[in-house]
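First comes the structure, then the notes that go with it.
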Amino acid sequence: MVDLHEAARKVLRTVRPHIGEGKVATYIPALGEVDPKQFGFAVASVDGDVYGVGDQDVRFSLQSISKVFTLALVLSHDDEAIWKRVHREPSGSAFNSLFQLEFEKGIPRNPFINAGAIVVTDQLLADTGDALGSLRGLLRAETGNPDLHVDSVTAASESETGHRNRALAHLMADFGNMLNPVEHALDHYFRQCSITISAQELARAGLLLARHGLRADGSRLLTPKDARRIVSLMLTCGPYDAAGEFAYRIGLPCKSGVGGGILAVVPDRCAAVAWGPGLDEHGNSVTAALALDTFDSLTGWSIF
Ligand code: GLN
């Protein structure tokens, strides 16, 4: 029997000397303002208990972790059509890389690199008329916090500097792989990435996947098969071109974001979230990766 509270405390003890390591993302200027000397860790067990330590209640920018939940919403609309618009292979290149997209005729490698996530948001927008509103509604319900919101300063900062994301979206539009006008889809994409959420809240939301698609209120959002598919994509594509290293080192399906958060899912057991703003060269948080590595060693819950 694993004592999750004790495990969380040990994670903090291990990570403490490393807090502040890595570099905060500065390509989105608002993220560059975040104090790097913060660290939070939270584990939500499938029976609903949450154990957290450190800055577990401090809200951070969700960024690419949002991509897991937009994909869940698209699949919940029974939308197999999405798999004609995006592949399911690791890219082996940076999350915002352009070159593969041209070779592969505007079909992104997977839903977790930026190009793939823009397609998923575009599909959700076509399905619902309000991609951001659908995502925010889901996260509010799963975290139990109706005040979860978009940080408008970060969203504006993303939009002002989002030349690469615009280039990706326009290239896909040129290949006929956008349903909505580029600026409209990107507006939803920038704002979904700018939702702020704490480690404790995100761990609660992550239970959706640990419970194979069951929501906090007991209703079903995803079929067990779709939930398993999302988790498999987290393992192969979640930490971008470091997915192999993450599988080797941590052995848990993870999704990272340049806000410094990493969500890990242990099916049937828990969702764990670690957050530290300093990133490595792949855009994954240094302290969050160390925290999940430690958590895996303490619990033995690697899926391998
Ligand atoms: N909003 C970020 C971007 O579009 C998301 C990237 C990330 O978290 N890796 O660049």
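Counting starts at 1 for both ligands and their atoms, following the listed order. What you are looking at is a predicted structure, and each value in this text was computed from that prediction instead of being measured.
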Regarding [X] and [Y], is there a side-chain donor-to-acceptor distance under 3.5 Å anywhere?
{"X": "H188", "Y": "D122", "answer": "no"}
{"X": "N177", "Y": "K105", "answer": "no"}
{"X": "T70", "Y": "Y189", "answer": "no"}

Which atoms from ligand 1 have a heavy atom of [X] less than 4.0 Å away?
{"X": "F95", "result": "6 (C), 9 (N), 10 (O)"}
{"X": "C193", "result": "1 (N)"}
{"X": "Y240", "result": "7 (C), 8 (O), 9 (N)"}
{"X": "N165", "result": "3 (C), 4 (O), 10 (O)"}
{"X": "G257", "result": "8 (O)"}
{"X": "Y27", "result": "2 (C), 3 (C), 6 (C), 10 (O)"}

Select one of side chain, backbone, both or neither to describe which atoms of [X] lie under 4.0 Å from any atom of ligand 1, heavy atoms only.
{"X": "Y189", "value": "side chain"}
{"X": "R164", "value": "neither"}
{"X": "N114", "value": "side chain"}

Check your understanding: Checking ring pair (Phe, Tyr, Trp, His ring centres under 6.0 Å) for the pair Y51/F41: CA distance, chi angles, key distance, verdict?
Key -> CA-CA 8 Å; Y51 308 88; F41 181 70; over 10 Å; no
Check your understanding: For S256, which of I65, D280, N284 qualifies under side chain to side chain contact (heavy atoms under 4.5 Å, CB included)?
Key -> N284
Check your understanding: Can you tell me which residue and heavy atom of the protein come closest to atom 2 (C) of ligand 1, and the distance to 0.1 Å?
Key -> Q63 OE1, 3.0 Å
Point to revise | Ring geometry between W301 and F295 (parallel below 30°, tilted from 30 to 60°, perpendicular above 60°) | key: perpendicular
Review point. Could an N or O of ligand 1 be found under 3.5 Å from any N or O of S64, whether backbone or side chain?
Key: yes
Check your understanding: Taking all atoms of both residues into account, what is the closest heavy-atom pair of A216 and A141, and its distance?
Key -> CB-O, 4.4 Å
Study note, to complete from the structure: For I250 and A289 the tightest heavy-atom approach is CD1-O, 3.7 Å
